[in-house]
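These values consider heavy atoms only, across backbone and side chains, with no hydrogens, waters or symmetry-generated copies. In this text, all values refer to a predicted model and were calculated from it rather than measured experimentally. Counting convention: from 1, in listed order, for ligands and their atoms alike. When a residue number appears, it is its place in the shown sequence, counting from 1.
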Amino acid sequence: MSEDDHNMDIDDSNVSCIKKVGFASFVGKPNVGKSSIINAIMGMKIVIVSDKPQTTRNRINVIYTDEDAQIIFVDTPGIHKPLHRLGEYMVKAATQALKNVDLLLFTVDASEGFGTSEQQICNLVNQSRTPTIGVINKIDLVNENRINQIERKMEQGVKNLVRIIRTSAVRNEGLKELLDAIKTHIPESPQFYPDDMITDRPMSFIASELIREKIFQFTYEEIPHCSSVIIEEIKQRDNGIVYIRANIYVERESQKGIIIGQNANMIKKIGENARKDIEYFLESKVFLDLHVKSKKDWRNKDFIILNEIGMRDDLE
Ligand SMILES: Nc1nc2c(ncn2[C@@H]2O[C@H](COP(=O)(O)OP(=O)(O)OP(=O)(O)O)[C@@H](O)[C@H]2O)c(=O)[nH]1
Ligand SMILES: [Mg+2]
């Protein structure tokens with residue numbers, strides 16, 4: 001083999017493992033569709049979604065890999081005015097995700113427009129000095145005029161704006177454009193994670209989230225917001241079925257009855273639907289054993305307690 005051939009071999013192997021690789025952090029108000037966009041891009045449910053604001057409580061990385069890129073999407077809680085310790089924690093988790101990432105995906109809900117809350121988030125985005133793609137989501141709900149207005153406000157407000165993309169997570173619109181735009185603005189590097197890794201969170205976290213999602217979907221008023229889920233045990237039994245025991249915490253004894261429901265109808269509905277989602281995620285049969293407990297005023301406890309009930313302990 002000549003010297004030239006040898007060099008060519010080395011170049012080829014290097015080129016094949018270098019991709020567009022980077023972290024892209026979603027930021028926006030609650031309920032604008034941040035988690036929905038991630039699931040739509042991944043083609044499966046990894047992060048939880050509901051029609052109620054403040055569904056996402058923790059930062060979670062979701063890893064998208066294709067032939068030419070690896071994008072680590074950071075899903076964050078919606079930025080809002082916190083009313084308790086849990087809310088403070090959530091906003092802190094979201095604002096910390098503005099730092100040390102390659103790109104921000106500042107997402108707004110087209111049907112809500114660009115108002116005071118968006119302007120406040122804009123200030124945080126500008127302070128971070130991170131290149132930002134404006135994502136106008138839920139375009140299926142509004143007309144062209146409305147979207148153009150939001151675009152103009154974004155152009156005026158966001159200093160480091162590199163692109164604006166219009167999306168509809170529910171109709172799978174604009175997602176390829178969003179991926180292409182992200183790829184243009186992240187650096188080249190060897191990929192960080194194996195091809196088949198889709199999140200940095202353990203299976204127990206995903207399972208607890210899928211249970212919590214059902215509480216968000218099926219209960220109302222304060223119940224979803226004062227509920228939390230802890231996985232107590234996960235084990236694969238000899239017959240191959242994965243046994244999962246989880247506690248659902250509420251804040252008061254009286255709320256336990258609502259989660260359990262008449263003739264235990266509500267807890268059965270939560271359990272059946274969560275089990276199906278967990279089975280799909282794990283590709284295995286699951287036995288889900290749910291228990292309901294109360295922990296007084298847990299949303300106002302300090303971070304150690306919050307951590308015990310499943311909040312992340314890696315915030316500075
Ligand atoms: N019509 C329409 N609804 C959408 C779209 N994207 C998301 N939604 C709905 O908007 C609601 C909120 O979606 P999420 O993905 O949970 O929103 P989020 O921004 O992650 O919310 P938080 O986690 O609370 O910050 C859900 O009911 C979604 O089905 C969209 O493009 N069009
Ligand atoms: Mg969310």
Exercise. Identify, chain by chain and in numerical order, each protein residue with a heavy atom under 4.0 Å from an atom of ligand 1.
Key: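 Residues Pro30, Asn31, Val32, Gly33, Lys34, Ser35, Ser36, Val49, Ser50, Asp51, Pro53, Gln54, Thr55, Thr56, Gly78, Asn137, Lys138, Asp140, Leu141, Ser168, Ala169, Val170 each place a heavy atom under 4.0 Å from ligand 1, listed by chain and number.
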
Quiz prompt | Neighbour count above 12 (heavy atom, 6.0 Å) for Gln262 CD | solution =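 Not more than 12 within 6.0 Å, no.
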
Quiz item: When you look at NZ of Lys52, are more than 12 heavy atoms from neighbouring residues, nucleotides or ligands closer to it than 6.0 Å?
Solution: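 Enclosed: over 12 neighbouring heavy atoms sit under 6.0 Å from NZ of Lys52.
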
Quiz item: Hey, are the side chains of Ile63 and Phe73 touching, using non-hydrogen atoms and a 4.5 Å cut-off?
Solution: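 No, side chains not in contact.
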
Quiz prompt | Under-2.8 Å protein N/O/S neighbours of the Mg ion (ligand 2), ordered by chain then residue number | solution =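 Near the Mg ion (ligand 2), below 2.8 Å, one finds Ser35 OG, Thr56 OG1.
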
Quiz item: Using links of under 4.5 Å between side-chain heavy atoms of ILVMFWY residues, direct or through other members, which residues join Ile241 in one cluster?
Solution: Tyr243, Phe287

Practice problem: Would you please test Asp277 and Lys214 for salt bridge (charged side-chain N to carboxylate O under 4.0 Å, His left out) and show each step? | Solution: CA-CA 10 Å; Asp277 275 6; Lys214 303 303 169 280; 2.8 Å; yes

Self-check item: Aromatic Tyr249 / basic Lys295 pairing, under 6.0 angstrom, 45° off normal
Solution: yes

Quiz item: Between Arg146 and Glu144, is a salt bridge (charged side-chain N to carboxylate O under 4.0 Å, His left out) present by the stated rule, with each step listed?
Solution: CA-CA 5 Å; Arg146 179 86 167 166; Glu144 181 83 15; over 6 Å; no

Quiz item: Ion pair present between Glu112 and Lys138, side-chain N to carboxylate O less than 4.0 angstrom?
Solution: no

Do any side-chain atoms of residues 149-162 form donor-acceptor pairs under 3.5 angstrom with protein atoms, and if so which ones, sequence neighbours left out?
unit_1: Glu151; atom_1: OE2; unit_2: Arg166; atom_2: NE; d: 3.0
unit_1: Glu151; atom_1: OE2; unit_2: Arg166; atom_2: NH2; d: 3.1
unit_1: Asn160; atom_1: ND2; unit_2: Arg129; atom_2: O; d: 3.1

